[in-house]
Amino acid sequence: MLVFERMKPADLPEVMEIERRSFPTPWPESAFYRELTENRLAHYFVLREAPADPNQGTGELIGYAGLWVFQEEAHITTIAVRPERRGRGFGELILLKAIEAARRLGAAHVTLEVRVSNTVAQRLYEKYRFGRVGLRKGYYSDTGEDALIMTAEGINTLAYRRFLENLKADLEARLGKVRCEDGGPPETGG
């Protein structure tokens, strides 16, 4: 079973393994720790494959995402999937669950930066109705590469929620149901 839950300090060894394998300039573990323990705007989540028997431990961490939520804006700070698990829909599932968490935390729109060379990620974000709204010149310090700023507006509208439900049904058909323990406020009608 897949579980989407709040990241805990105990998750950091697995998070750092994925971080180092995913990014040319990984965040240090201390940065993640500060985000989890000191930044009241930060909300970090993991997706793991939980074993059928809880006595077998917590299961393998597949990927993670981080958000900063302030007023009606959520900013995705990071998203990554274990390299050997990519291309199977897990990154899409993490993005969808992060958007749902942002909405439950009061956000009306979600924004992020993505490398201009990362067309695979850009296509995924466009699938979720992120539009290109700007460019940050030289944003990535490791290469000086520019970042596209992409935003999804109106994530709290009924139309967008229905749109997400359709995408979620497709993902659940492929990956199975996901238990969410994200610690956000409960879903509300609307």
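Values below: every heavy atom of this structure, side chains too, minus hydrogens, waters and symmetry copies. Because the structure is predicted, anything quoted here is derived from the model rather than measured.
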| message | So for atom OH, which belongs to Tyr33, do other residues, nucleotides or ligands contribute more than 12 heavy atoms lying within a distance under 6.0 Å? | response | no
| remark: Here the pair of heavy atoms bringing Leu175 nearest to Leu2 is O-CD1, 3.8 Å
| Separation between CE of Met16 and OG of Ser22, rounded to the nearest 0.5 Å | 10.5 Å
| Nearest atoms (heavy-atom pairs only) where Ala74 meets Val69 | CB-CG2, 4.1 Å
| field | Lys/Arg N to Asp/Glu carboxylate O, Glu100 vs Arg103, below 4.0 Å | value | no
| request: Apply side-chain contact (heavy atoms from CB on, under 4.5 Å) to Val178 and Lys97, showing your working. | output: CA-CA 9 Å; Val178 179; Lys97 292 298 183 185; 4.1 Å; yes
Please report, to 0.1 Å, the donor-acceptor pairs under 3.5 Å made by any side chain of residues 131-142, with sequence neighbours excluded.
from: Arg132; atom 1: NE; to: Glu126; atom 2: OE2; distance (Å): 3.1
from: Arg132; atom 1: NH2; to: Gln122; atom 2: OE1; distance (Å): 2.9
from: Arg132; atom 1: NH2; to: Glu126; atom 2: OE2; distance (Å): 3.0
from: Arg136; atom 1: NE; to: Glu113; atom 2: OE2; distance (Å): 3.0
from: Arg136; atom 1: NH2; to: Glu113; atom 2: OE2; distance (Å): 3.2
from: Tyr139; atom 1: OH; to: Glu113; atom 2: OE1; distance (Å): 3.3
from: Tyr140; atom 1: OH; to: Arg115; atom 2: N; distance (Å): 3.4
from: Asp142; atom 1: OD1; to: Arg115; atom 2: NH2; distance (Å): 3.1
from: Asp142; atom 1: OD2; to: Thr25; atom 2: OG1; distance (Å): 3.4
from: Asp142; atom 1: OD2; to: Arg115; atom 2: NH2; distance (Å): 2.9

| query | In the single-linkage hydrophobic clustering (I, L, V, M, F, W, Y; side-chain heavy atoms under 4.5 Å), do Phe23 and Leu148 co-cluster? | reply | no
| Counting heavy atoms not belonging to Gln71, are there more than 12 under 6.0 Å from its CD? | no
| Hydrophobic cluster identity match, Val3 and Val15, side-chain contacts under 4.5 Å | no
| Passes salt bridge (charged side-chain N to carboxylate O under 4.0 Å, His left out), Arg82 versus Glu49? Steps please. | CA-CA 12 Å; Arg82 191 175 288 281; Glu49 192 161 33; over 6 Å; no
| query | Does atom CD of Glu29 have more than 12 heavy-atom neighbours, drawn from other residues, nucleotides or ligands, at distances under 6.0 Å? | reply | yes
| field | Shortest non-hydrogen separation from Leu67 to Ile76 and the atoms involved | value | CD2-CG1, 3.5 Å
| query | Distance-only, no hydrogens or angles: does the Arg20 side chain make a donor-acceptor pair with backbone N or O of Pro26 under 3.5 Å? | reply | no
| note | Output for pair (Lys127 NZ, Arg129 CZ), nearest 0.5 Å, gives 12.0 Å
| task | To the nearest 0.5 angstrom, please state how far the CG atom of Leu124 sits from the CD1 atom of Ile79. | result | 7.0 Å
| query | Can you tell me how far CZ of Phe32 sits from OG1 of Thr77, rounded to the nearest 0.5 angstrom? | reply | 7.5 Å
| said: As an exercise, state the distance from NZ of Lys168 to CD of Glu92, rounded to the nearest 0.5 Å. | reply: 13.0 Å
| Does Leu41 share a hydrophobic cluster with Val110, counting links as ILVMFWY side-chain heavy atoms below 4.5 Å and allowing steps through other members? | no
| query | What's the verdict on salt bridge (charged side-chain N to carboxylate O under 4.0 Å, His left out) for Arg161 and Glu165, showing C-alpha distance, side-chain angles and the deciding distance? | reply | CA-CA 6 Å; Arg161 289 175 66 177; Glu165 287 302 318; over 6 Å; no
| field | Pair Tyr44 + Tyr64: ring centers closer than 6.0 Å | value | no
| message | Angle between ring planes, Phe130 versus Tyr125, binned at 30° and 60°: parallel, tilted or perpendicular? | response | tilted
| task | May I ask whether Val46 and Ile99 are part of the same hydrophobic cluster, defined by side-chain heavy atoms of I, L, V, M, F, W, Y residues being less than 4.5 angstrom apart, directly or through others? | result | no
| query | What's the shortest heavy-atom distance between Arg88 and Arg85, and which atoms? | reply | NH1-CD, 3.5 Å
| said: Could you see if Val116 belongs to whatever hydrophobic cluster contains Met150? Use Ile, Leu, Val, Met, Phe, Trp, Tyr and a side-chain cutoff under 4.5 Å. | reply: yes
| task | For the pair Asp11 (side chain) and Lys8 (backbone), establish whether a donor and an acceptor sit closer than 3.5 Å, ignoring hydrogens and angles. | result | yes
| message | Quick one: does any side-chain atom of Glu19 pair with a main-chain N or O of Trp27 as donor and acceptor, under 3.5 Å? | response | yes
| said: Determine whether Tyr160 and Glu153 satisfy the following criterion, side-chain hydrogen bond (donor to acceptor under 3.5 Å, both in side chains), listing intermediate values before the conclusion. | reply: CA-CA 9 Å; Tyr160 193 85; Glu153 299 285 348; over 6 Å; no
| Closest approach of Gly154 and His109, non-hydrogen atoms and distance? | N-CB, 4.4 Å
| request: Go through the steps to decide whether Val81 and Ile62 satisfy the test side-chain contact (heavy atoms from CB on, under 4.5 Å), and finish with yes or no. | output: CA-CA 6 Å; Val81 172; Ile62 296 170; 4.2 Å; yes
| Measuring from Leu47:CG to Leu95:CG, what's the distance to the nearest 0.5 Å? | 12.5 Å
| query | For Arg162, does the CZ atom have more than 12 heavy-atom neighbours from other residues, nucleotides or ligands under 6.0 Å away? | reply | no
| said: If you apply the rule side-chain contact (heavy atoms from CB on, under 4.5 Å), what do you find for Phe45 with Ile94, and how did you get there? | reply: CA-CA 9 Å; Phe45 305 94; Ile94 292 168; over 6 Å; no
| message | Test your reading of the model: is there a side-chain donor-acceptor pair from Thr78 to the backbone of Ala65, 3.5 Å cut-off? | response | no
| message | Can you give me the closest heavy-atom contact between Ala121 and Val114, atom names plus distance? | response | CB-CG2, 3.9 Å
